[in-house]
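Report on the structure given below.
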Amino acid sequence: MPRSALLSLAAALSLTATLTAQAPPRSEAVDALLPRPTRAVADLAAGALPLGRIVTIAVPAGSPRLREVGALLGAELQQRTGRPTRVVAGVAESGRRAEGALIRLDTSYQASNDEAYALTVGARGAAIHAASSRGALWGVQTLLQLLEPADSATWQFAAARVDDAPRFGWRGSLVDVGRHWFPVRDIERHIDLLARHKMNVLHWHLTEDQGWRIEIRRYPRLTAVAAWRTERDGTRYGGYYTQREVRHLVEYARQRGVTVVPEIEMPGHSSAALAAYPNLGCTADTIAVPNSWGVFADIYCAGKEETFTFLFNVLDEVMDLFPSPIIHIGGDEAPKDRWKECAPCQAVMKREHLADEEALQSWFMGRVAAHVAKRGRRVIGWDEVLDGPYIAGGLVQSWRDSSFTRAAVARGHDVVASPNAFTYINQSANQVSLASVYQFDPVPPGFDAASARRVLGGEVTLWSEHITSGANLELMTLPRLAAFAEILWSAAPRDLPAFERRLALRHLPRLRDAGFAVGPSDAPLATIAVRVDTSTRRAVVRMPALAAGVTVRATRDGSRPSAESLALSDGDAVDAPDLLRMQPFWGASPILEERRVAFARHPGVGARVTLRPLADARYPGTGTGSLTDGLLGGSEHGDGLWQGWWGPDLQAELDLGAARRVASVTLRCLQNVRSWIVLPARVEVAWSTDGKDWHDAGVARHTVPVSREGVVLQPFTVALPSAVDARYLRVTARSAGALPAGHTGAGQASWLFADEIIVR
Ligand code: ACM
Ligand code: ZN
């Protein structure tokens, strides 16, 4: 063929392609469907379907499941449009009157995927042909997305033809109710959101260090004791779900196509249970339900039969409540400190020929899995279950990164993927953005088809350390859940700009209209920083990020901020009180954890500081003047008020501007050994009147062991000889040196943290 003919053929082909690409009629409602269906076309010739006076939903006679789906559709339509709906069984009955839209549901669709469905909408009616009642539910959700105002007074369904099936069968969301507890209605709303996104698993993380949240009849102390903690300010916090509430939520979820997978954590993250039943721990020491976040050393004892009796009984009640074929048994972040010191644990290792404590955990999880298997259920565990042998048929949830997806599949396990960098949407959206969720693929690159089939799907997680209310939960969930739903449902190539347009066009407005709280896609909900203007000694509040709809409210009298408290704007200056309490709100709902800033008014405030060396760039505090700004750090070392040094001693020299009578000098330091922060070995203070001639004032030490768990705030005070007039003060904090044996960072340098030098 001559070259010119080739060219003209190519031109003709591309012309045809252009014509066909333009050919299908466009419909905003169809374009915006989310998650994107396998195939969806706007059938404009068929005409939109007006709702009419009454909507009739017809289901086949003798199909109670489809009748239930029809009733759900009817209730949703009635709620969204105010129009009456009715569900009728049998075609004859439904065809009699035509007073409005007729929607038929059946399960005639032939597909290997039981979540598949086909949907047609035209002026003469709508039909959902599904492969099962589950598929019908997803067809209903698609139909509801086609609902649009026809004019100011009436509604219609946009004309469309849709064929659809999900890419993955496990499309989940983890809600942690341990760190914070959410009322039943908030969990229902989360299930509503899952259903609207065709997500089908609620992974309910029911037990944690900071709270046990499910009623277990055999162990009443789990709800009397383990469900409650005393916060650091002395208030009580807690709550739990009664078995009646659990049954209600499981049923509520089932009706909407969502399976609730319960998680009972073991052997770690179990402090609350041990607070209620100390005998289940290795030491049997009485502990309190923790009121701080982290990983705790007290875990279930693997050497006591009592532990297994307890867990089997708990799981028996759990399996009575949850029909889920899969039960989550945790397995992550279990420190082995106690097991190493425990005679019964060591005896089991010897008896069972277990090489180390990791193997002991495998044996522990295996016993529990075998108990679950007796009831015909399978277990899933966090990817640490791969640290030793894991039960055949057990599922793995990879959370660290995709290498654990690979490892699990290589060992023949099915995997649910939730690598934290892409799916931990409890992290603020500047850390895990909508775009990063949208680029996630549960199947790692290079997987062959057989390996890919082992990846059942994925989950987003909503760990609730910093999620404090239902409104907060929604603000973290939306809009990122929409991105996740699309990548798990749709096999179509990703197109982020198009996805964001579809979100903005219909999806988010619809969710907002329904009253859901939608957070930002790439920014925090609120970040609050406080500086002191040392000339006026007023506190200046900066809010570099504040999402639309969020208001920060403050009190200066020590009381808890309410929805009526003073609203702060970025840059506001307030007289520095002893304690400034600041709480972000969404409407009347508090969100995020409260920010408290304490001020110390002392003669050193505003003194010029010279640091040797400068603080580490990761923990700069409020800058060079941080040690004399009067701002006191809290128990969170990352609160922006603490300065940190990794390794070296700290030397700070203060210039008070003029000689002053100084009675004492105090350096405030922090210890949080799990975060590698250790109190200085000692603090030395010297003074001078001229900056040349220095006089040692003394040394302050402490008695806090490096093994102490949790956060310790420690002042180091040195008194000066009486009647000293000093202009210059030198404070030297000697680093504690390397982290001790047994610490995860043993042998590496510890951090030294300080927030203020208080001069009296
Ligand atoms: C986890 O985030 N520890 C599963
Ligand atoms: Zn033990």
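Sequence positions, counted from 1, serve as the residue numbers for this chain. Note that ligands are numbered from 1 as they come in the structure, with each ligand's atoms numbered from 1 the same way. Just so it is clear, the structure is predicted and the values come from calculations on it, not from any experiment.
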Kindly identify the option in Asn420, Asp332, Asp383 whose heavy atom sits closest to atom 1 (C) of ligand 1. Asp332

Atoms in ligand 1 flagged as close to Trp463, the criterion being non-hydrogen separation under 4.0 Å: 1 (C), 2 (O), 4 (C)

Just to confirm my numbers, could you give the angle made at the Zn ion (ligand 2) by SG of Cys345 and SG of Cys342, rounded to 10°? 110°

Are Asp414 and Arg453 ion-paired here, with the side-chain N under 4.0 Å from a carboxylate O? no

Any idea which part of Gln397 is under 4.0 Å from ligand 1, heavy-atom wise: side chain, backbone, both or neither? neither

Report, in ascending order of atom number, the atoms of ligand 1 lying under 4.0 Å from any heavy atom of Trp382. 4 (C)

The SG(Cys301)-the Zn ion (ligand 2)-SG(Cys282) angle, to 10°, is 110°

Salt bridge Arg179-Asp209, side-chain N to carboxylate O under 4.0 Å: no

Polar atom proximity, Trp399 to ligand 1 (N or O, under 3.5 Å): no

Going by distance alone, is a donor N or O of one side chain under 3.5 Å from an acceptor N or O of the other, for Ser173 and His203? no

Shortest protein contact, atom 2 (O) of ligand 1 (heavy atom only): Tyr424 OH, 2.6 Å

Check against side-chain contact (heavy atoms from CB on, under 4.5 Å), His413 and Arg454: CA-CA 7 Å; His413 298 289; Arg454 288 258 179 230; 6.0 Å; no

Before accepting this row, confirm whether a basic side-chain N of the pair Arg171/Glu115 lies closer than 4.0 Å to the acidic partner's carboxylate O. yes

Presence of salt bridge, Arg375 and Asp320, under 4.0 angstrom: yes

